[in-house]
Amino acid sequence: MPDTPLTGTSLPLQDRSPSQPVRFRGGGFTVKGHRWAALLAFVVLIAVWESTNRFGLVSELFLPPPSAVASALAAMAQDGSLWQHLKASLMRIGVGWVMGTVAGMAVGFAMGIGSVARAVGVPLVSAFFPIPKIALLPLFILWFGIGEPSKFATIGFGVFFPTVIATYSAIDSVPRNLIRMAQSFGLPWASILRKIVLPGALPGILAGFRITASIALILVVAAEMIGAEYGIGAFVLTAGNLMLTDQLLAGVLVLSLLGLTIGTVLSILERRLLKWR
Amino acid sequence: MPDTPLTGTSLPLQDRSPSQPVRFRGGGFTVKGHRWAALLAFVVLIAVWESTNRFGLVSELFLPPPSAVASALAAMAQDGSLWQHLKASLMRIGVGWVMGTVAGMAVGFAMGIGSVARAVGVPLVSAFFPIPKIALLPLFILWFGIGEPSKFATIGFGVFFPTVIATYSAIDSVPRNLIRMAQSFGLPWASILRKIVLPGALPGILAGFRITASIALILVVAAEMIGAEYGIGAFVLTAGNLMLTDQLLAGVLVLSLLGLTIGTVLSILERRLLKWR
Amino acid sequence: EAQGLEKTSIGVLALASSGPIFIAKSKGYFEKEGLDVDLKMFTSAQQVPVAVASGDVDFGVTGLTAGFYNLASKGAVTMIAAQSRDEPGFQLSAYVATKAAHDAGLTKPADLKGKRIAITTVGSTFHYMVGLLGQKHGFTVKDVTMVAMQDVPKMVAAFKGGQVDAVIAPVTVARQLAAEGSGTILGWVGDETPWQLGALFTSPKTVAQRRPLAEKFVSAYLTGLAEYHAAFNAKDASGAVVKGPGYDELLAIIAEATKQKPEVVAAGLPYVEPKGKLLVDDIVNQVKFWQSEGQVDKALDAKSVMDLTFVK
Amino acid sequence: MRLIIKDLCHRYDDLVVLDGIDLTVQEGEVLAVIGPSGCGKSTLLGIAGGIVAPTSGSIAVAGAVPDGCLNPITFIFQDFALLPWRSVEDNLSLVLEHHPLSAAERRERIESGLRRMGLWDFRKALPKQLSGGMRQRVGIARALAVRPAMLLLDEPLSALDAQTRELLMEDFLSLWQRERTTALYVTHNLDEALRLADRVVVLSRRPGRLREIVTIEEPRDQRLEPSAQAHLAEVRDRLWHLIRAEAQLADREIADA
Amino acid sequence: MRLIIKDLCHRYDDLVVLDGIDLTVQEGEVLAVIGPSGCGKSTLLGIAGGIVAPTSGSIAVAGAVPDGCLNPITFIFQDFALLPWRSVEDNLSLVLEHHPLSAAERRERIESGLRRMGLWDFRKALPKQLSGGMRQRVGIARALAVRPAMLLLDEPLSALDAQTRELLMEDFLSLWQRERTTALYVTHNLDEALRLADRVVVLSRRPGRLREIVTIEEPRDQRLEPSAQAHLAEVRDRLWHLIRAEAQLADREIADA
Ligand SMILES: Nc1ncnc2c1ncn2[C@@H]1O[C@H](COP(=O)(O)OP(=O)(O)OP(=O)(O)O)[C@@H](O)[C@H]1O
Ligand SMILES: Nc1ncnc2c1ncn2[C@@H]1O[C@H](COP(=O)(O)OP(=O)(O)OP(=O)(O)O)[C@@H](O)[C@H]1O
Ligand SMILES: [Mg+2]
Ligand SMILES: [Mg+2]
């Protein structure tokens with residue numbers, strides 16, 4: 001048997017055959033790209049979905065076909081209500097997120113640097129973090145009324161705690177050797193903070209942004225349960241109340257696209273700011 | 001000037017003074033533990049909160065004092081309704097979480113190993129992930145009815161996508177050198193999967209559990225918006241509807257404690273399973 | 001115990017308006033028809049037709065919302081008998097103005113034009129009541145600002161916080177607001193704009209495939225309805241509502257079913273038409289209204305949401 | 001066992017890494033491969049071990065394998081490649097479990113491997129509890145547990161500190177004194193090659209080509225004697241001159257440019 | 001500049017790391033410190049640089065500093081400690097920015113530092129775009145930019161591959177030939193110490209105590225000549241015997257036990 005490969009166990013290796021090729025045993029366990037698979041998957045998904053409706057397998061009410069969702073979306077775009085809703089929601093997400101993020105980063109920085117702030121903050125944050133913000137809506141109405149402030153508060157509170165955690169963990173992950181280096185060259189405390197700690201914590205803080213952005217998106221729906229006339233969340237809630245499932249899915253589609261857009265923007269930001277990685 | 005420290009710049013170093021001590025310039029930027037600060041913080045927080053009420057600075061409706069919250073909780077514990085609510089919610093969280101996790105890990109493993117599954121899965125997951133599950137409640141009711149199944153579905157769907165992402169990222173992070181090592185010793189494919197990939201992905205998967213557990217906790221409130229008689233979420237929603245803010249906060253406290261408990265259990269699990277780290 | 005009985009279920013709200021169902025169940029009228037009826041309690045009118053559409057329950061009885069008509073337009077539900085109505089002399093829902101708005105000149109329902117009014121949700125019965133008021137006094141819902149608060153307690157919170165000028169509130173809430181002095185009752189919807197508030201409905205599939213069941217169900221329902229009407233809707237010569245036969249017994253049944261005190265129940269017993277006949281013209285008006293609001297498909301034929309063959 | 005490499009070329013996509021390598025590792029010989037960073041040394045070893053499929057050329061083995069050999073061609077890795085979640089003995093067990101061995105025989109192989117490397121007392125320890133040198137000793141014990149016919153060593157000492165490296169070199173010397181396992185030993189370190197190898201192969205910068213093969217005549221166990229130093233210093237000088245310029249260029253290369 | 005260490009002791013909590021160190025680094029001298037892992041070499045250097053506060057004992061300097069010296073005692077680190085988000089020139093700029101220098105003077109210092117290490121063409125590159133050797137050259141250029149009176153080097157070569165280490169040793173040799181900056185050089189590597197140092201200090205295992213101080217007589221630039229080899233091999237042998245047993249013990253220590 002001149003062609004038997006060698007790296008097995010039960011081979012007649014003692015037979016002194018002059019030479020046997022080394023058997024290949026590597027490969028696999030790497031993920032290669034499939035450029036068109038994703039597109040194909042979407043096309044197939046949408047085609048199947050559409051046809052289940054066309055052939056009457058599923059009622060329109062239970063799962064409106066993509067064509068119905070698309071036309072609901074087109075109608076929204078045409079009469080301008082889409083932009084009105086989007087504008088209202090983006091404003092709430094924007095203001096709420098910025099408020100929660102600024103406050104969260106301030107507290108997170110304090111906890112990242114100060115021992116006392118850390119000791120006090122960690123247990124408080126871990127106690128408040130797991131509270132579903134939706135449960136607090138009635139209190140937010142009491143505290144902030146039914147106007148925009150309570151909506152900002154809902155989103156802001158939701159964003160605040162994860163930002164705190166992301167910020168102080170990010171500061172913890174700044175390599176201590178860089179700080180020692182700066183000290184050994186006599187850099188003053190404020191310079192170390194500005195030139196070493198802040199940029200070193202940036203990757204972790206940006207990763208936190210990714211999480212808080214998706215939290216803000218989730219909470220805008222909850223926030224718009226409170227007397228909102230416009231807003232994608234309000235639109236989706238109304239569609240749900242009215243059992244207009246095609247509009248509901250159109251609204252959900254907008255939310256999904258909004259999420260993807262925010263994710264993409266953050267990716268671009270990360271690539272820009274963290275190109276040193 | 002015999003005592004001037006040395007490591008500055010503007011020092012009269014040329015003066016040949018026989019010997020100057022080296023100035024200390026390290027320290028700081030480490031976080032030391034403060035054993036009692038946390039406890040103290042809680043005590044102060046509760047005392048301040050209680051006294052604002054006692055001195056009539058804030059109305060009981062707006063922010064019930066801790067004593068009122070405690071007595072509301074005690075009342076719940078006494079009449080047994082606390083356990084009823086907890087049982088109902090824990091069952092929903094448990095079943096929904098397990099369903100979402102099992103399905104998510106299966107899909108995540110497929111995506112972690114298979115190139116095609118990855119190419120198809122990633123865009124689908126990123127499209128579905130940012131959709132707030134609360135917006136889909138009306139559809140879940142249509143699809144799964146108003147009983148427990150729609151509640152399991154709400155939690156399960158919420159848990160599914162993050163689990164998928166955590167699982168395939170965890171598999172990506174299994175060091176390739178270990179897989180190469182196993183191949184070089186002729187381990188069969190299934191053994192590599194079981195003995196290298198699975199344990200190597202465990203830390204990432206457990207970290208994912210931490211996220212999905214808190215998502216499940218948040219979604220139980222949303223799920224119990226669908227006609228639930230018992231459950232902590234239902235209790236909180238009812239209290240909110242009736243503007244019984246002391247009961248509301250008692251429910252929120254239970255949710256917070258539940259979150260802390262789940263977090264602690266996961267920490268113990270991590271320490272057990274990942275003591276090799 | 002209920003051997004040989006045909007099982008069926010109905011979704012109801014724990015409100016006095018579901019009284020005829022509670023009576024029929026409690027007094028065994030369903031069993032007499034050979035039915036074992038399971039009552040499923042819901043917390044919002046919104047969910048009941050959805051539960052019928054999803055097959056969770058066979059029948060439903062609640063107020064009519066835009067969501068109901070959307071389900072009807074997809075062929076998921078159809079009305080088969082009337083439930084309660086807003087009717088002159090029966091105080092179900094009130095127009096309540098805040099103290100500040102009242103002081104500023106909001107004194108009668110017609111003045112609500114141009115004001116901020118809290119409602120539960122878009123497409124709710126409160127939304128239609130605002131529309132009806134406008135139809136009567138020559139304005140449209142565009143002339144008022146409706147603030148959707150999801151549920152009645154949050155409506156009240158917005159009202160007390162002075163963030164709206166008025167609410168349309170259920171009787172108990174309205175009375176309480178008035179008693180506290182935080183609001184003034186401007187009038188009652190029943191007096192101002194009578195309309196068909198609620199209906200008994202099922203899915204067209206049940207009608208088509210289990211018609212005998214539906215007929216037996218309606219028959220028992222109508223028995224309860226008639227008893228309810230006799231006990232609670234009787235009027236004396238002057239037009240005032242008086243206690244009819246079996247008043248106390250039936251009130252106790254409803255109080256038990258709704259888990260409320262009898263006094264509270266007694267304060268908000270709505271009017272029902274004893275034969276279960278729907279106000280067809282009002283249903284048509286509702287559909288037209290929702291269509292004009294853009295909340296129900298324009299193609300829906302108002303007549304198609306009712307099946308008038310069960311109630312003669 | 002001999003290893004015969006014939007006209008070997010390898011590309012990663014468009015990057016030519018190895019070009020026309022012809023090389024035979026003789027039975028019982030320790031062949032060191034040195035060359036500048038990125039010249040394809042690890043790739044060559046991967047191909048020899050059947051882990052990387054060459055673009056063209058052939059790689060074959062010939063000759064006897066030891067009794068009870070389970071994995072004729074066996075790697076020892078620079079980064080040790082231990083499973084961090086398995087104890088020392090279970091890391092050895094890993095490479096035996098999929099072979100039809102009796103439990104007793106498996107235990108016996110693990111024990112003898114660990115004892116030989118002085119690790120028996122540490123058999124229950126996790127890798128994180130060991131120093132770098134100990135970890136590499138586990139890597140060596142694991143390789144010995146399968147009774148290899150040929151060892152492929154990819155810079156086995158370069159992750160270690162200099163003193164530990166010195167100690168492990170002594171271990172390798174005694175290993176090759178006891179059983180003359182054929183070995184292909186990749187390193188950056190001239191001193192290592194001069195201490196351990198029978199022949200030293202010098203590769204050029206990428207694409208790696210054979211530049212020179214230097215035979216070291218001194219017996220391995222006499223190379224630390226002062227008497228051998230002058231000659232070895234000359235060989236070292238010659239090798240360093242061969243690779244100095246290339247190492248300099250390799251070091252100046254910007255990774256991303 | 002001289003560095004005078006007197007009766008130095010250091011503890012981390014209950015762990016005694018350094019015990020009774022008395023040592024003077026003479027003006028212009030390169031003093032190598034060798035010792036087994038964990039014996040407190042890095043701690044000693046940290047104390048000398050004012051980064052670690054000693055438990056007891058004194059540490060002082062005396063003597064002249066060069067013109068324009070901004071940071072008399074300056075570190076060169078094993079892990080280079082470059083800011084990954086700053087380009088090469090900005091990494092040098094970092095250590096000058098907080099000093100009252102004119103922009104032109106700062107530029108001049110950066111340029112001369114980079115040119116001296118052959119890095120001028122790479123001034124815009126980010127650390128990740130450089131090889132390990134290049135990164136350590138940036139570390140050296142940064143140290144030189146502040147015109148130090150004394151260099152503290154903590155295993156500056158041990159993160160590099162052997163060939164790059166060889167090249168950087170040549171850089172250090174030419175540095176010390178040009179300007180005789182006093183240096184305290186911590187290493188594991190006997191060969192490095194024998195190539196670069198004027199004296200070699202041997203520390204015992206933890207708690208680190210002075211075991212021996214060996215003076216190397218050969219001039220630095222003649223140590224590679226074959227004629228010097230036999231003598232250096234003897235010194236090497238002596239040093240290795242001093243630390244072999246301790247290195248072995250240090251290597252066998254279980255980190256967590
Ligand atoms: N899987 C791969 N895909 C693409 N390029 C690779 C791959 N592996 C290695 N290379 C490239 O091939 C070249 C040779 O790599 P190899 O690891 O064989 O070099 P080496 O001689 O071992 O280098 P070093 O001395 O740094 O270990 C390098 O330029 C490397 O970047
Ligand atoms: N900040 C610290 N806190 C507590 N213990 C420390 C700290 N830094 C170092 N040690 C311990 O002190 C001892 C000496 O550490 P040091 O880093 O000075 O040794 P070293 O001689 O540089 O070792 P190596 O050769 O491994 O670099 C070690 O046992 C180490 O674990
Ligand atoms: Mg390599
Ligand atoms: Mg050290």
Side-chain angles (χ1 to χ4, degrees), chain A residues 7-9 25-26 28-29 31-34 37-38 41-42 45 61-62 113 115-116 118-120 122-124 126-132 134-139 142-143 172 176 179-180 183-184 186 189 192 214 217-218 221-222 233 236 240 243 245 248 251-252 255-256 258-260 263, chain B residues 7-9 25-26 28-29 31-34 37-38 41-42 45 61-62 113 115-116 118-120 122-124 126-132 134-139 142-143 176 179-180 183-184 186 189 192 214 217-218 221-222 233 236-237 240 243 245 248 251-252 255-256 258-260 263:
Chain A
T7 24
T9 47
R25 46 189 174 168
F29 296 101
V31 172
K32 288 158 283 173
H34 288 256
F42 269 106
L45 180 81
L61 174 66
F62 277 60
I113 296 163
S115 297
V116 176
R118 169 77 61 103
V120 171
V122 168
L124 286 180
S126 14
F128 280 106
F129 185 42
I131 299 172
I134 199 173
L136 294 177
L137 282 188
L139 279 181
L142 276 179
W143 295 343
D172 279 357
R176 293 299 119 167
I179 291 173
R180 268 177 74 113
Q183 289 178 330
S184 81
W189 190 83
I192 294 179
S214 69
L217 201 65
I218 287 168
V221 178
V236 166
M243 276 297 152
T245 43
L248 176 76
V252 164
L255 285 172
S256 159
L258 202 58
L260 289 178
Chain B
T7 26
T9 47
R25 45 186 173 169
F29 296 103
V31 172
K32 289 157 283 173
H34 289 255
F42 269 107
L45 181 81
L61 174 67
F62 274 59
I113 297 164
S115 298
V116 175
R118 170 76 61 102
V120 171
V122 168
L124 286 180
S126 16
F128 281 105
F129 184 43
I131 300 172
I134 197 175
L136 294 177
L137 284 186
L139 278 180
L142 275 180
W143 295 343
R176 295 298 119 165
I179 292 173
R180 268 176 74 114
Q183 289 177 331
S184 81
W189 189 84
I192 294 181
S214 68
L217 200 66
I218 287 168
V221 178
V236 167
L237 291 169
M243 281 293 158
T245 44
L248 175 76
V252 164
L255 284 172
S256 160
L258 203 57
L260 289 177

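Everything numeric here is computed off the predicted structure, so don't read it as measured data. Values below: all heavy atoms of this structure, side chains included; hydrogens, waters and symmetry mates excluded. So you know, we letter chains A, B, ... as the sequences are listed, proteins then strands, and number each from 1.
Interface remark: B/F42 contributes side-chain atoms only to the contact with chain A (heavy atom separation under 4.5 Å). Both the backbone and the side chain of A/L124 come within contact range of chain B, judged by heavy atoms closer than 4.5 Å. Looking at B/I179, only its side chain comes within 4.5 Å of chain A, counting heavy atoms on both sides. Only the side chain of A/T245 comes within less than 4.5 Å of a heavy atom of chain B; its backbone N, CA, C and O stay farther away. Heavy-atom distances place no part of A/L137 under 4.5 Å from chain B, backbone and side chain included. When heavy atoms are compared at a cutoff of 4.5 Å, A/V116 approaches chain B by way of both its backbone and its side chain. Using a 4.5 Å cut-off between heavy atoms, B/V236 contacts chain A through its side chain alone, with no backbone atom that close. For B/L248, the part lying near chain A is the side chain, with the backbone staying farther off; criterion is any non-hydrogen pair under 4.5 Å. Neither the backbone nor the side chain of A/L258 has a heavy atom closer than 4.5 Å to any heavy atom of chain B.
Contact count versus chain B (heavy atoms, under 4.5 Å) is highest, among A/A37, A/G251, A/A135, for A/A135. Put simply, of A/L139, A/V122, A/L255, the one with the most heavy-atom pairs under 4.5 Å next to chain B is A/L139. Between chain A and the residues B/S115, B/A38, B/G26, the largest count of heavy-atom pairs under 4.5 Å involves B/S115. For the set A/L45, A/I218, A/V221, the entry with the most heavy-atom pairs within less than 4.5 Å of chain B is A/I218. Contact tally against chain B (heavy-atom pairs below 4.5 Å) for A/G240, A/G28, A/S184: the top residue is A/S184. With chain B as the partner, the residue from A/Q183, A/R118, A/M243 showing the most heavy-atom pairs under 4.5 Å is A/Q183. When the candidates B/I192, B/L136, B/I113 are compared by the number of heavy-atom contacts under 4.5 Å with chain A, B/I192 comes out ahead. Between chain B and the options A/A119, A/A222, A/G259, the largest number of non-hydrogen pairs under 4.5 Å is found for A/A119.
The two atoms that bring A/F62 and B/W143 nearest to each other are O-NE1, 2.6 Å, heavy atoms only. Between A/I134 and B/I134, the shortest heavy-atom contact is CD1-CD1, 3.1 Å. A/P130 and B/L260 get closest at one heavy-atom pair: CG-N, 4.4 Å.
In terms of modelled atom types and a separation under 3.5 Å, the side chain of B/S256 and the main chain of A/I131 share no donor-acceptor contact.
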